[in-house]
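Below is one structure, written out as structure tokens, with a few remarks after it.
Order of the sequence lines fixes the chain letters, A, B, ..., with proteins taken first and strands second; residue numbering starts at 1 for each chain. Since we're looking at a predicted model, the values are computed, not measured. Just so it is clear, the values below take in all heavy atoms, side chains as well, and ignore hydrogens, waters and symmetry mates.
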Amino acid sequence: MSSKIPRAFYFRSTLRVAKDLLGQLVVRKYRGRRLVGRIVEVEAYRGSIDPASHAYRGRTKRNEVMFWEGGHLYVYFTYGMHFCANVVTREAGIAEAVLIRGVEPVVGLDVMERLRGKNISTFDLTNGPAKFCKAFGIKRKQNGVSLLGNEIYLAHGRRVVQSRIGVSTRVGIRSGIEKRWRFFEKGNRWVSKQKRWQL
DNA sequence: TAGTTGATCGTCT
DNA sequence: GACGATCAACTAA
């Protein structure tokens, strides 16, 4: 089917990686099942130069994984109930990462629906960072896993052409709001915080 | 359709 | 002791 994305992909500039992640596939092995989603919305967070980043004030127990070399998954717990997942970029010691905010479900929809619970429509399954984690069974235990392994990895998908990529400020932050580091596929139904009239 | 609010707890100040 | 890279349920109109 599709091949695993190599380490070198993650060792480039974080903004470049963020844009290139659109259209790529997230593959998750979950209890003998394979879940696949196509990435349609991301946000870049850049350690020491970005006040909105968890790593802005240096290394702590929580943000530890952001300082690892590119190609790892940084999962954090927030609002007392949600998990969000980031793809760590660049070489070890530079704390930058890309938050996965929205994916289009491709394989394993039945499992995703079960993990999300209740009667969730297909369009609400994975259109948000915490929704994606819940639908893909990503929790504290997955913090720090290597994306070059088999539990969770990224694979080459159909790239999103430049003209279809939307750019905006990031969602849900207070500092660093002037930076336009959110990238998404225009018009895709699984982009979060999108109004009906924008589709 | 837009705006508000409660849920809930680990992390850092 | 405050608050957060969120979500879903609710209210108003």
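A salt bridge between R170(A) and D50(A) is present, with a side-chain N of the basic residue lying under 4.0 Å from a carboxylate O of the acidic one. Electrostatic pairing of R101(A) and E43(A) counts as a salt bridge here, judged by a charged N lying under 4.0 Å from a carboxylate O. Taking 4.0 Å as the cut-off between side-chain N and carboxylate O, R114(A) and D110(A) do not count as a salt-bridged pair. Using a cutoff of 4.0 Å between basic side-chain nitrogens and carboxylate oxygens, R182(A) and E41(A) are scored as salt-bridged.
The CZ atom of R57(A) sits 12 Å away from the P atom of dG4(C) (whole-angstrom rounding). As rounded to whole Å, 6 Å separates atom P of dT8(B) from atom CE of M81(A). The distance between atom CZ of F83(A) and atom C1' of dT6(C), rounded to the nearest whole Å, is 13 Å. For H54(A) and dC3(C), the NE2 to P distance is 16 Å, given to the nearest whole Å. Atom-to-atom, OH of Y56(A) to P of dC12(B) comes out at 17 Å; the value is rounded to the nearest Å. Atoms CZ (R174(A)) and P (dA2(C)) sit 15 Å apart, rounded to a whole Å. The nearest whole Å value for the distance from the NZ atom in K193(A) to the P atom in dT1(B) is 17 Å. Summarising the geometry, the separation between OH on Y45(A) and P on dG4(C) is reported as 13 Å, rounded to the nearest angstrom.
Taking the side chain as every heavy atom from C-beta outward, Y76(A) and N86(A) approach each other to under 4.5 Å. Contact annotation: the side chain of F132(A) never approaches that of N127(A) to less than 4.5 Å [non-hydrogen atoms, C-beta and beyond].
In this structure, F11(A) has its ring center at least 6.0 angstrom away from the ring center of F9(A).
Residues from residues 58-76 of chain A with heavy atoms under 4.0 angstrom of DNA chain B, sorted by number: T60(A), R62(A). The stretch residues 121-134 of chain A touches DNA chain C through G128(A), P129(A), A130(A), K131(A), each having a heavy atom within less than 4.0 Å of the strand.
When the side-chain nitrogen and oxygen atoms of R116(A) are compared with OP1 and OP2 of dC7(C), none of them lie within a distance under 4.0 Å.
Linking ILVMFWY side-chain heavy atoms closer than 4.5 Å, directly or via other members, places F183(A) and L154(A) in a single hydrophobic cluster. Tracing side-chain contacts under 4.5 Å through hydrophobic residues (I, L, V, M, F, W, Y), one never reaches V36(A) starting from L109(A); they form parts of separate clusters.
Among the atoms of the strands shown, only primed sugar atoms or phosphate atoms (P, OP1, OP2) are found under 4.0 Å from some heavy atom of F77(A). Using a 4.0 Å heavy-atom distance criterion, L99(A) is classed as a base contact.
Look at dA2(C): its Watson-Crick or wobble partner, with both distances under 3.5 angstrom, is dT11(B). For dC7(C), the paired nucleotide is dG6(B), the pair qualifying as Watson-Crick or G-U wobble because both relevant distances are below 3.5 Å.
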